Chemist: 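So that we are looking at the same thing, I have put the structure below in structure tokens.
Being a predicted model, the structure only gives us computed values, none of them experimental. Just so it is clear, the values below take in all heavy atoms, side chains as well, and ignore hydrogens, waters and symmetry mates. We name chains A, B, ... by the order of the sequence lines, and we start the count at 1 in each one.
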Protein chains: 2
Amino acid sequence: MIKPNRRTATADPDTDTEQRILDAARAVFVRRGTAGARMQEIAQEAGVNQALLHYYFRSKDRLAEAVFRQIAGRILPTVFEVLGSDATIEDKVRGLVTLYIDALSASPFLSGYILSELHHHPERARQLFTQAAGADPAHFAAPILRKLGGQIEARVREGTLRPIAPERFAINLISLCIFPFAARPLFQVAFGLDDAAYVRFLERRKRDLPEFFLNALRA
Amino acid sequence: MIKPNRRTATADPDTDTEQRILDAARAVFVRRGTAGARMQEIAQEAGVNQALLHYYFRSKDRLAEAVFRQIAGRILPTVFEVLGSDATIEDKVRGLVTLYIDALSASPFLSGYILSELHHHPERARQLFTQAAGADPAHFAAPILRKLGGQIEARVREGTLRPIAPERFAINLISLCIFPFAARPLFQVAFGLDDAAYVRFLERRKRDLPEFFLNALRA
DNA sequence: GTCTATATTGTGATAGAC
DNA sequence: GTCTATCACAATATAGAC
């Protein structure tokens, strides 16, 4: 029952066609970048004809938007869930580091794709939050920052932490988590690490990075 | 004497044509990304006809490569020069932070462009070093890492620093420097900062970041 | 070297049969 | 819903006059 043009499909032929197209589109857009992606390649990867992409998504633009929406809706909530939880600062740091390293290890191009989209379609940065929370970005992040800020403040009064604005806390931590993936080709070549060695470096980083980061905060 | 098709040119009409094309190409490739850039837009920005781009550079591919080569040749040497210098660790950190923040502030898309190129043309990562130093990447970075490692080790014996591999030192510092630019649209929206506020944040970071980073290393 | 005009292909999108 | 065939135009690249 396998149709001949599904020979090159990598998507599961049993799932819903629209979803299969979306999955294929995600893979191709992320791998090639939005501008570099070709409808033909997406169709092939989905195991369908190019015309079907237009039947379901009307245009490349809309398909790209659907892909970004899907990706954004998955990542951000998890991150802010961790940062806004009741866990201790130490647990938040460890949780976020592990979360990022595991997620990005599975998808080498993902970080670059998101950064590129945000630069070339800044309006989607907003979308990203409303998609995730149905709320204004500021009203979404504010309570989380307030909570984090409160935790920091309490520890500062305790004398166990030095003061830092919660925004700086978040930016520094997220930078340290994501950039080793975004700049992976650079670091691998610069330090002469093959794929296996870099994976080991990242795995070790789940312990090393929290230690480094928390030490920076220590009073 | 201004020719009519130079009306839209932003490049200096007095400089050498080949150089003017290269400058225009750099601007457009960095702004739009390599796949999103159009030869027509480059020609217009250079104030010449599209045919001239091919006369000088043969194809879009070669032009893109020339642009990357030019950019790579400018950035890396400076970075490794600072890291490999005789300055103290504290001065290296402060120097690198200021260097990055100043350079990337002037060109919002630059970090994303380089990261994207490295992902989509991994072979250029190598090029980037050979271009900068005429040497094998490993043989270029190794002495710098050795020197940095020696400095760290001496300070560890002194009891003023905790041990850290020089590679981790570099990766963490560079991550903290570049990522706030690579993810600028995200952070601006998340924290509700307009352009002016983000510039102030980056300016303040020239002091804040060295303090944060050095504290992380303190024994 | 620089231009205009044009060839050639690539690529998103549509028409219409089944 | 899915396909084949094709359109329309965008984009890279070349030919040839000046």
Side-chain angles (χ1 to χ4, degrees), chain A residues 1-29 31-68 117 120-121, chain B residues 1-68 120-121:
Chain A
M1 258 318 242
I2 301 290
K3 295 180 186 173
N5 57 348
R6 284 200 182 160
R7 257 175 304 182
T8 54
T10 53
D12 177 4
D14 286 338
T15 48
D16 176 45
T17 300
E18 181 170 357
Q19 188 58 48
R20 229 174 48 242
I21 291 174
L22 195 59
D23 289 343
R26 177 164 39 76
V28 174
F29 276 126
R31 189 167 61 228
R32 308 275 188 209
T34 305
R38 297 291 164 248
M39 296 296 270
Q40 167 53 27
E41 190 179 0
I42 295 171
Q44 182 171 320
E45 185 135 346
V48 300
N49 188 279
Q50 198 174 335
L52 264 198
L53 310 194
H54 289 92
Y55 174 79
Y56 280 105
F57 293 94
R58 186 80 187 168
S59 74
K60 181 185 178 182
D61 244 28
R62 286 172 191 269
L63 182 53
E65 204 187 318
V67 165
F68 183 79
E117 281 304 291
H120 296 309
H121 301 280
Chain B
M1 259 316 243
I2 302 289
K3 295 181 186 173
N5 58 351
R6 285 200 183 163
R7 254 176 306 180
T8 54
T10 53
D12 178 3
D14 285 339
T15 47
D16 176 44
T17 299
E18 180 170 357
Q19 187 59 47
R20 229 171 52 241
I21 291 174
L22 195 59
D23 289 343
R26 177 164 39 74
V28 174
F29 276 126
V30 168
R31 189 166 61 229
R32 307 275 187 210
T34 305
R38 298 289 162 249
M39 298 295 271
Q40 167 53 26
E41 190 179 0
I42 295 171
Q44 181 171 320
E45 184 134 347
V48 299
N49 188 279
Q50 201 172 332
L52 264 198
L53 309 196
H54 288 92
Y55 174 79
Y56 281 105
F57 293 94
R58 187 81 187 169
S59 74
K60 181 185 176 181
D61 244 30
R62 285 171 191 270
L63 182 54
E65 205 188 317
V67 165
F68 182 80
H120 296 310
H121 301 280

Chemist: How far does CZ of A/Phe57 sit from CZ of A/Arg62, to the nearest 0.5 angstrom?
Modeler: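 Rounded to the nearest 0.5 Å, the CZ-CZ separation comes to 11.5 Å.
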
Chemist: In the structure I gave you, are the side-chain heavy atoms of A/Leu53 and A/Val48 within less than 4.5 Å of one another anywhere?
Modeler: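 In short, these two side chains touch, coming nearer than 4.5 Å.
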
Chemist: Five pairs at each end of the helix from C/dG1-D/dC18 to C/dC18-D/dG1: take the axis at both ends and give me the angle between them to 10°.
Modeler: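 One end's axis against the other's: 0°.
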
Chemist: What is the distance from CD of B/Gln40 to P of C/dC3, rounded to the nearest Å?
Modeler: 12 Å

Chemist: Hey, is the side chain of A/Thr17 poking within less than 4.0 Å of OP1 or OP2 on D/dG1, counting only N and O atoms?
Modeler: no

Chemist: Find the distance between CD (A/Glu41) and CZ (A/Arg32) and round it off to the nearest 0.5 Å.
Modeler: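 Reported to 0.5 Å precision, the distance equals 4.0 Å.
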
Chemist: Could you tell me how far apart B/Glu18 (CD) and C/dT2 (P) are, to the nearest whole angstrom?
Modeler: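 After rounding, the reported distance stands at 10 Å.
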
Chemist: Have a look at B/Ala35 and say if it touches a base, only the backbone sugar-phosphate, or nothing, with a 4.0 Å heavy-atom cut-off.
Modeler: nothing

Chemist: Could you state the atom-to-atom distance from CD1 of B/Ile21 to P of C/dG1 in whole Å?
Modeler: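 Interatomic distance, CD1 of B/Ile21 to P of C/dG1: 11 Å.
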
Chemist: Distance check needed: C/dA15 P versus A/Gln50 CD, whole Å only.
Modeler: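 Computing the A/Gln50:CD to C/dA15:P distance gives 16 Å.
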
Chemist: Please report the interatomic distance CG(A/Leu63) to OH(A/Tyr56), rounded to the nearest 0.5 Å.
Modeler: 13.0 Å

Chemist: What is the distance from atom NE2 of A/His121 to atom OG1 of A/Thr34, rounded to the nearest 0.5 Å?
Modeler: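 Nearest 0.5 Å value for the NE2-OG1 distance: 5.5 Å.
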
Chemist: To the nearest 0.5 Å, what is the distance between OG1 (A/Thr15) and CG (A/Leu22)?
Modeler: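 Reported to 0.5 Å precision, the distance equals 10.5 Å.
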
Chemist: CG of A/Leu63 versus P of C/dG12: gap in Å, rounded?
Modeler: 11 Å

Chemist: Give the residues of residues 51-62 of chain B touching DNA chain D, defined as any heavy atom closer than 4.0 Å, sorted by residue number.
Modeler: B/Ala51, B/His54, B/Arg58, B/Ser59, B/Lys60

Chemist: Of the options B/Arg20, B/Arg31, B/Gln40, which is the one that meets B/Glu45 in a side chain to side chain donor-acceptor pair (under 3.5 Å)?
Modeler: B/Arg31

Chemist: Atom CD1 of B/Ile21 and atom OH of B/Tyr55: how far apart are they, to the nearest 0.5 Å?
Modeler: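 Reported to 0.5 Å precision, the distance equals 10.5 Å.
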
Chemist: In whole Å, I'd like the distance from the CZ atom of A/Arg20 to the C1' atom of D/dT2.
Modeler: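 Between C1' of D/dT2 and CZ of A/Arg20: 11 Å.
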
Chemist: Tell me the interatomic distance from A/Asn49, atom CG, to D/dC3, atom C1', rounded to whole angstroms.
Modeler: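 Going from A/Asn49 (CG) to D/dC3 (C1'), I get 6 Å.
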
Chemist: What's the CE-C1' distance between A/Met39 and C/dT14, to the nearest Å?
Modeler: 12 Å

Chemist: Quick check: closest heavy atoms across B/His54 and B/Ser59, and the distance to 0.1 Å?
Modeler: CD2-CA, 4.2 Å

